Amino acid sequence: MQHQTEPATGGCICGGVRYAVARRDKLRQVVACHCEQCRRFSGHYVAASGTRHRYFSLLNDETLQWYTYMPDVYQGFCGRCGCSLFFDYPQQERISILAGTLDDSSALHEVVHIYTREAGCYYHLPPDVEQVEDGAFSLPCPA
Ligand SMILES: [Zn+2]
Ligand SMILES: [Zn+2]
């Protein structure tokens with residue numbers, strides 16, 4: 001496990017998208033979202049960390065594409081290998097990072113599952129993690 005003051009890095013399968021977060025302790029803990037959009041974006045449900053824009057940088061955005069379906073939310077994915085990577089919220093100065101794209105997620109754990117009323121029918125929610133039926137939960141990114 002790397003030291004908490006070192007950068008966290010991650011990217012897609014093909015390497016066309018690579019990113020860094022300036023310090024590992026600027027990553028938010030993981031929120032799992034079961035809303036319909038997250039299920040479709042990820043093919044299952046989204047487990048996302050995140051950080052403030054000021055700690056985030058793209059090391060390679062060669063194949064990065066953005067799609068938006070609602071105001072102020074942009075989904076970032078790799079146009080070559082198909083990886084789902086980000087939800088960007090430009091007005092909120094934060095970006096969600098799909099935890100599975102981090103090179104090392106050893107300091108992170110799931111703290112809540114949200115939009116559980118929209119969860120898929122084929123899997124079980126973990127009983128030992130907080131569950132919220134809708135989006136009424138907020139976990140700020142570290143300042
Ligand atoms: Zn890729
Ligand atoms: Zn969602």
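The shown structure was predicted, so the numbers you read here are calculated from the model rather than taken from an experiment. Read the numbers this way: they start at 1 and go in the same order the structure lists the ligands and their atoms.
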**Fill in**
Here the vertex angle at the Zn ion (ligand 1) for SG of Cys14 and SG of Cys12, given to 10°, is 110°
**Request:** Please examine the side chains of Asp88 and Pro90, heavy atoms only from C-beta on, and report whether any two atoms are closer than 4.5 Å.
**Result:** yes
**Asked** Yes or no on side-chain hydrogen bond (donor to acceptor under 3.5 Å, both in side chains) for Gln29 and His109, after CA distance, side-chain angles and deciding distance?
**Response** CA-CA 6 Å; Gln29 290 300 331; His109 60 274; 3.3 Å; yes
**Request:** Return yes when at least one N/O/S atom of Cys78 is nearer than 2.8 Å to the Zn ion (ligand 1), and no when none is.
**Result:** yes
**Message:** Keeping to distances under 2.8 Å, can you name the protein N/O/S atoms close to the Zn ion (ligand 2)?
**Reply:** Cys33 SG, Cys35 SG, Cys38 SG
**Flag if over 12 foreign heavy atoms under 6.0 Å of CZ, Arg40** = no
**Message:** In the structure I gave you, are the side-chain heavy atoms of Tyr74 and Phe87 within less than 4.5 Å of one another anywhere?
**Reply:** no
Which donor-acceptor pairs under 3.5 Å do the side chains of residues 133-143 make with protein atoms, sequence neighbours left out?
from	atom 1	to	atom 2	distance (Å)
Asp134	OD1	Ala136	N	2.9

**Prompt:** Can you find a heavy atom in the side chain of Val46 that is under 4.5 Å from one in the side chain of Val31?
**Reply:** no
**Item:** Lys NZ or Arg CZ of Arg39 over Tyr45 ring: under 6.0 Å, within 45°
**Value:** no
